[in-house]
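Written below as C-alpha cells is the structure these notes are about.
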Amino acid sequence: MSTTETVAGAAGEASQKGMPQLNFATWPNQVFWLLVALVIIYIVLTKIAMPRIASVLAEREGRISGDLAAAEELKSKAKAAEKAYNLALEQARVEAGKIILATKAEIQKDLNAAMADADAQISAKAAESEKRIAEIRAGAVQAVSEVARETAGALVVALGGTADDAAIEAAVAARLKG
Amino acid sequence: MADEAGGLVIDPMHQFQIHPLFGEGPLTWYTPTNQTLWLGITVVVISILMLIGSAPRKVIPGRTQSITELLYTFIHDMVEEVTGHEGAKFFPYLMVLFTFIVTSNLLGLIPGSFAPTSHIAVTAVLALMVFLTVTLVGFYKKGIGFLGMFWVSSAPLVLRPILALIELISYFVRPLSHSIRLGGNIMAGHAVMKVFAGFAGVMGLASIVPIAAIAAIYGLELLVAVVQAYVFTILTCVYLRDAVGEAHH
Amino acid sequence: MTGDLIQFALMGKYIGAGLATMGLGGAGIGVGTIAGNFLSGALRNPSAAPGQMANLFVGIAFAEALGIFSFLIALLLMFAV
C-alpha cells in the first residue's frame, strides 16, 4: 500500500487510490450490514413470502390435478356411457331379432290355425252340401218314381184297365233301375 | 470526478468507495454507509416484490405474482434437480442467496447506484457461509465419511494420495473462487463501463463511439448480473450435493 | 534518483498488470470451448440439451473463475501493490 500512497497524488488526494474492496478497515461495517440485510431477507422470505407462494402453488397443483382427474373421470364416464349405449343397441338389436322371430312364429301359428279352421269349415260345409245333394238326389228319385207310378196308374186307367198298384210299382221300379 | 483534473485521468475504482452516509468521520462497524443504503434498498425491493407478489394468492396469477412464482419455482427446481431430495431443505437458504444477489446485481446497474456484490467483503461472507454450511452439514450427515470425498476410490491406489491433496486444495479454494467470481465479474463490468465513460468525457463529438460501447456493455452486464447470481446459486447447490447427496465420482 | 526508482517500479507494476490480463485470454478460450462443445452436442441431440444447461453454466463458471483470478492479480498490481 505504501507505493499507492505516494502515487496517489497524481489523481488528487480527494479520491483515495487503491481498491476500495481491499480497504480492510471497511470490512467489519460491510459484514455487519450484509448480515443484517440477509437476516431481514431471510425472515421476509421464509416467514411470509415463501409459505404463501408454496400454498398458492400447492393449491394450483391440487386444482390442476383435480381438474385433470375430473376430466379423466368424465372421459371414462363418457366411455362407459358409450359402451353402455353400444351394449344397449346390441341388446336391442338382438331383442328385435328375437321379437321378429317370435312374431313370425306366432303369425305362422295363427295362420296355420286359421288355415286348419278354414279347412275344417270348408270340409264340413262340403260334407253338408254333399249330404244335401244326396238328399235332393234321393228326393228327386222318389219324386220321379211317384210321378211315374201315378202317370202309369192314370195311363192304365185311361186305357181301360184296372190299376193294380203292386204291379205298377214293380214295373216302375224295374224301369227306374233300368 | 476524475476528469475534473482535465485530460484522460480515469479512476474506475472510485465508484466502489465506501463512505459514511451522513457527514464525515471515522467508519465504525455500525456506521450507515452508501453500501448500507443500497443493501437497504435491496432488502426493500425484495420485500416489496415478494410481499406484493405473494399477497393475491390467486390461482391464475397476475404479473407480480408470476414473477415471484417464477423465481420460486426456478430455484426450487434447481435445488431439486442438483442436490436431489435431500438438499430440498436448503431451499430457503438458496432462495435468499439468489434473490439477494440478483437484486443487488441488477440494482447496482442503475447509473449512480452502488453494487454491494462488487465488494469482496460481501461476496466473501456469502461464500464463507456456503463453505461453512457445506462442511458442517457434510460432517453432520456423513460423519468422518465426509472425508471420503477426497479419497477418489475409482483412481489407482498410487495416485490416490496425490488426488486427495489436489481435491483438498480445490476444496479450500472453493470459497475463494466462489467469492472472487461474483465480486470480480460485477467489479469488472462496472469498472469497464467507467473506463468507457472516461473516454466519452474527453473525446468530444466522437464520444458517440464509447457511449455506444457503454450501451452494448450495459446489455452484457444485465446478462452477467443474472448469470452470476444463477452461477453462484447453482454452485452452492453443487457443493451442497457433496455434503448431502451420495458420492458421485 | 528516488523519483527514477519510483518511475521504474511503476513501469514494472503496469507491465505486470498488463501481462496478468493475458490470463483472461485463457479463460476466454476455456469458456468458448465449453460453449462450443455444448452447442455441437446440443445440435446432435437437441432434446437432451435443456437438461444440461446447469452443467453448462457450472463448467463455464469453473473456467471463468481462473480467468477472474488473473484479472484479480492485475487489479492487485494496479491498485494494491
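In what follows, chains carry the letters A, B, and so on, assigned in the order in which the sequence lines appear, proteins first and then strands, with residues in each chain numbered from 1. Bear in mind that the values here come from a model prediction, so they are computed numbers and not experimental data.
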Gln65(B) side-chain N/O to Ala55(B) backbone N/O, donor-acceptor pair under 3.5 Å
no
I'd like to know whether the aromatic ring centres of Tyr93(B) and Phe98(B) sit less than 6.0 Å apart in this structure.
no
Which atoms of Pro92(B) approach chain A - backbone, side chain, both or neither, heavy atom under 4.5 Å
both
Checking Glu146(A) against Gln142(A): is there a side-chain donor and acceptor pair closer than 3.5 Å?
no
Under 4.5 Å heavy-atom distance to chain A, tell me which part of Tyr72(B) shows up: side chain, backbone, both or neither.
side chain
Engaged part of Ile46(B) at the chain A interface, taking heavy atoms whose separation is under 4.5 Å:
side chain
Under 3.5 Å: donor-acceptor pair, side chain of Asn185(B), backbone of Ala225(B)
no
Is there a donor-acceptor contact under 3.5 Å from the side chain of Thr123(B) to the main chain of Thr117(B)?
no
Picking from Ser104(B), Pro61(B), Gly183(B), which has the most non-hydrogen pairs under 4.5 angstrom with chain A?
Pro61(B)
Part of Pro12(B) lying under 4.5 Å from any heavy atom of chain A:
neither
Distance flag, aromatic centroids of His119(B) and Phe114(B), threshold under 6.0 Å:
yes
Would you check if the side chain of His178(B) reaches a backbone N or O of Phe232(B) as a donor-acceptor pair within less than 3.5 Å?
yes
Heavy-atom pairs under 4.5 Å with chain A are the metric here; pick the option from Val43(B), Leu27(B), Thr36(B), Thr28(B) that has the most.
Thr36(B)
Any residue of residues 34-63 of chain A which, by heavy atoms, sits under 4.5 Å from chain B
Leu34(A), Leu35(A), Ala37(A), Leu38(A), Ile40(A), Ile41(A), Tyr42(A), Val44(A), Leu45(A), Thr46(A), Ile48(A), Ala49(A), Met50(A), Arg52(A), Ile53(A), Ala54(A), Ser55(A), Val56(A), Leu57(A), Glu59(A), Arg60(A), Arg63(A)
So which of Leu126(B), Val122(B), Leu97(B), Thr68(B) has the largest heavy-atom pair count under 4.5 angstrom toward chain A?
Val122(B)
Between Trp27(A) (side chain) and Gln21(A) (backbone), is there a donor-acceptor pair under 3.5 Å?
yes
Examine distances only and state if a side-chain atom of Asn34(B) and a backbone atom of His19(B) form a donor-acceptor pair shorter than 3.5 Å.
yes
